[in-house]
Amino acid sequence: MATVKNRKVAEMSFLARLRKFPFWAWLWFIIGGLYFILPLLATVEFSLSWDPEAPFKAYQRAFEDNRFWSSFIASNVFAVITIIASIILVVPTAYWIRLRLPQARRIVEFITLMPFVVPAIILVFGMIRVYSTPFTIPFTDVVFMRPFTQSRLGTDILIVAGYMVLSMPYMYRSVDTGMRTVDILTLTEAAQSLGANWFAIITRIILPNIRSALLSGALLTFAIVVGEVILASYLGVTAFGPYLFLLGQHRAYEPAALSFVSFLLTWLAMGLIQLFTGGQGQAAGAH
Amino acid sequence: MSYLSLTNITKQFGDTVVVDNFNLEIEKGEFVSFLGPSGCGKTTTLRMIAGFETPTSGSISLDGEDITNNPPNQRNVGMIFQSYALFPNMTVAQNIGFGLTVRKLEKQLIQERVDEMIGLIHLKEHAHKFPYQLSGGQQQRVSLARALAIRPDVLLLDEPLSALDAKIRVSLRAEIRAIQKRLGITAIFVTHDQEEALSISDRIVVMNVGEMEQVGTPFEIYNFPKTQFVANFVGSLNNADAEVVDPANGILAMDGVHFKTADEGMKNRRKGDKVKISVRPERFSFAVEPLKENVVESTIENITFLGSVVRIQISIGGTKFNMDTFNNPFLELPAIGAKEKVMCSKEAVLVL
């Protein structure tokens with residue numbers, strides 16, 4: 001008698017648990033997960049199917065190519081420079097707007113959305129048109145600077161500036177969101193009353209407290225720069241994006257292998273963010 | 001010359017005058033409170049002393065030096081905020097040492113000063129914790145230590161106890177006062193809590209709509225308010241309309257009931273003048289022998305138990321007054337509706 005009763009109680013608790021199980025939530029989560037993972041699995045499977053005897057042949061071939069390393073390193077260097085330059089430009093801008101010019105917020109947000117409206121091809125043609133002619137002293141024919149596009153350094157400066165424009169929506173929004181979670185005004189006033197100047201406030205108070213937001217912005221900038229094709233192609237700069245694009249037109253397996261490597265690098269960067277922020281937002285202390 | 005002088009300070013935001021022609025002299029080591037309702041200009045005045053706002057006109061001088069246009073980081077003024085404003089990325093020790101680090105003092109000196117300050121606020125065991133690991137009271141003590149570590153010329157406290165619960169508030173305000181006295185530091189405390197201001201200050205500045213209503217010791221402010229606003233804002237007060245009957249002898253009539261007042265200003269009034277009289281609830285008492293002046297018949301309307309005090313609502317000639325009496329276990333209270341004789345001294349009747 002007691003056993004039957006116990007079984008009924010067990011059945012009831014199972015049904016109760018089943019009712020509590022968030023079925024739809026899990027269903028959508030699984031569908032979403034498959035949407036992202038299936039193409040990746042297909043890419044990996046394809047990259048390993050070149051030679052059944054040597055499954056990593058595509059990876060080996062890709063890594064043996066010197067052009068891969070030179071373009072990969074160049075893109076990484078561009079990405080790091082873009083990130084540093086963007087932080088130097090965006091953090092003080094977002095900080096000042098929050099602190100002193102809240103009325104300018106809408107204008108700046110509109111400007112940061114421009115890269116979504118103006119395609120990269122328009123941007124690069126505009127840059128080439130403006131910066132491929134020499135700079136002259138106004139109303140004279142005296143040239144005081146050669147065109148940017150005629151030197152390696154000039155072209156590198158142009159491409160970094162272009163990358164900064166393309167990544168601006170992501171970097172600005174990340175930084176602005178990070179600042180929203182911190183009481184910027186009071187922390188600034190507290191630091192000022194203790195004798196800190198603007199440089200000390202930004203480097204020692206603001207930047208550490210928006211660290212995870214900065215890392216998010218940096219990751220997105222990194223992903224944009226490493227995968228970017230149009231700016232690099234039209235400015236004739238060695239970069240990973242155009243290399244991958246060209247490789248895809250002539251080879252089948254190596255681009256798939258390199259795409260997967262790019263994914264791994266992105267995951268590595270995300271892992272680093274978790275590592276640096278300890279899985280916490282900056283509001284909890286940023287340490 | 002005073003240590004801190006505010007001379008003809010006016011602050012306007014657009015067309016709105018937030019602080020109007022404010023003048024104040026503060027001596028070294030004094031603890032002054034700015035007391036007033038929200039929007040009266042007390043925080044704006046404090047922020048002008050800190051350098052976060054620039055006066056529209058007027059000047060501020062500290063120890064003989066005009067600091068009106070000095071930036072906040074060049075004033076050596078410590079500030080404590082209502083929201084603590086501790087740096088979330090720094091430990092307690094790093095927070096306290098921040099002001100010393102930006103002044104580029106020697107590491108040894110910074111460490112010694114940080115240890116001294118942590119000892120002062122009794123948080124030695126929390127030195128390596130982050131702000132989010134501390135309670136509100138502990139965070140505000142760290143904020144106090146951080147402001148004191150730079151040895152400021154003036155310590156400014158902007159409603160530092162408002163975000164804390166009642167018990168912590170009382171103990172922390174006593175701690176702030178004790179530390180201020182021990183270090184002999186000049187302090188300005190902004191609050192809208194009259195009890196806080198009365199308990200902690202050497203002098204209180206009562207402010208209303210950007211103007212200074214009265215400056216005085218807590219005793220003066222409470223017992224001898226100069227304006228109706230001060231009388232109403234500080235402590236509880238009974239107000240009633242009355243008519244001058246005999247100005248020379250200080251006799252007033254309220255609903256046909258005569259009161260005597262010791263107010264000096266009565267001599268300047270004329271018979272028949274309409275005035276407002278104010279009496280603090282604790283200045284009323286049940287009439288006992290020998291009967292003095294201002295013994296009047298009243299009706300008991302209501303009795304409210306407030307812990308240490310019992311508040312009795314009485315009606316005198318149709319006007320309702322509150323009368324406070326200390327609670328004790330043997331207190332014999334009259335029944336509601338009973339007729340009782342109550343009295344108050346002529347000094348208790350304020351004409352404002």
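Every chain is numbered from 1, with letters handed out A, B, ... down the list of sequences. Just so we're clear, the structure is a prediction, and the values are computed from it rather than from any experiment.
- Considering only heavy atoms from C-beta on, F87(B) stays 4.5 Å or farther from P208(A) through its side chain.
- Heavy-atom contacts from other residues, nucleotides or ligands closer than 6.0 Å to CH2 of W28(A) number 12 or fewer.
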(Q) Evaluate N89(B) against R204(A) for side chain to side chain contact (heavy atoms under 4.5 Å, CB included), listing each step before the verdict. (A) CA-CA 9 Å; N89(B) 57 311; R204(A) 304 182 66 170; 6.0 Å; no

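- When every heavy atom of V102(B) is checked against every heavy atom of A200(A), the shortest pair comes out as CG1-CB, 4.3 Å.
- In this structure, I37(A) places its CD1 atom where only 12 or fewer heavy-atom neighbours from other residues, nucleotides or ligands lie under 6.0 Å away.
- Residue S83(B) comes nearest to T186(A) through the heavy atom pair OG-CG2, 3.6 Å, listed as atom of the first residue, atom of the second, then distance.
- Heavy atoms from other residues, nucleotides or ligands lying under 6.0 Å from CZ of F263(A) number 12 at most.
- For F116(A), the CZ atom counts as densely surrounded, since its 6.0 Å shell holds more than 12 non-hydrogen atoms of other residues, nucleotides or ligands.
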Q.
As a quick check of understanding, evaluate side chain to side chain contact (heavy atoms under 4.5 Å, CB included) for R47(B) and E189(A), giving each step before the final call.
A. CA-CA 10 Å; R47(B) 289 172 63 79; E189(A) 289 182 349; 2.5 Å; yes

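- Rounded to the nearest 0.5 Å, atoms CG (N209(A)) and CE (M90(B)) are 8.0 Å apart.
- When heavy atoms are compared at a cutoff of 4.5 Å, L86(B) approaches chain A solely by way of its backbone atoms N, CA, C and O.
- Remark: Q103(A) CD is packed, more than 12 non-hydrogen atoms of other residues, nucleotides or ligands lying under 6.0 Å away.
- With P88(B) as reference, L187(A) is the one residue of I205(A), T181(A), L187(A), D183(A) to meet the side-chain contact (heavy atoms from CB on, under 4.5 Å) rule.
- At most 12 heavy atoms of other shown residues, nucleotides or ligands fall within 6.0 angstrom of atom CZ in F110(A).
- A distance of 11.5 Å separates CG of D158(B) from OG of S193(A), quoted to the nearest 0.5 Å.
- Interface residue R103(B): only side-chain heavy atoms are found under 4.5 Å from chain A.
- In this structure, L194(A) and A147(B) approach most closely via the heavy-atom pair CD2-CA, 4.4 Å.
- Enclosure of atom CD in Q108(B) is not indicated, since only 12 or fewer non-hydrogen atoms of other residues, nucleotides or ligands lie within 6.0 angstrom.
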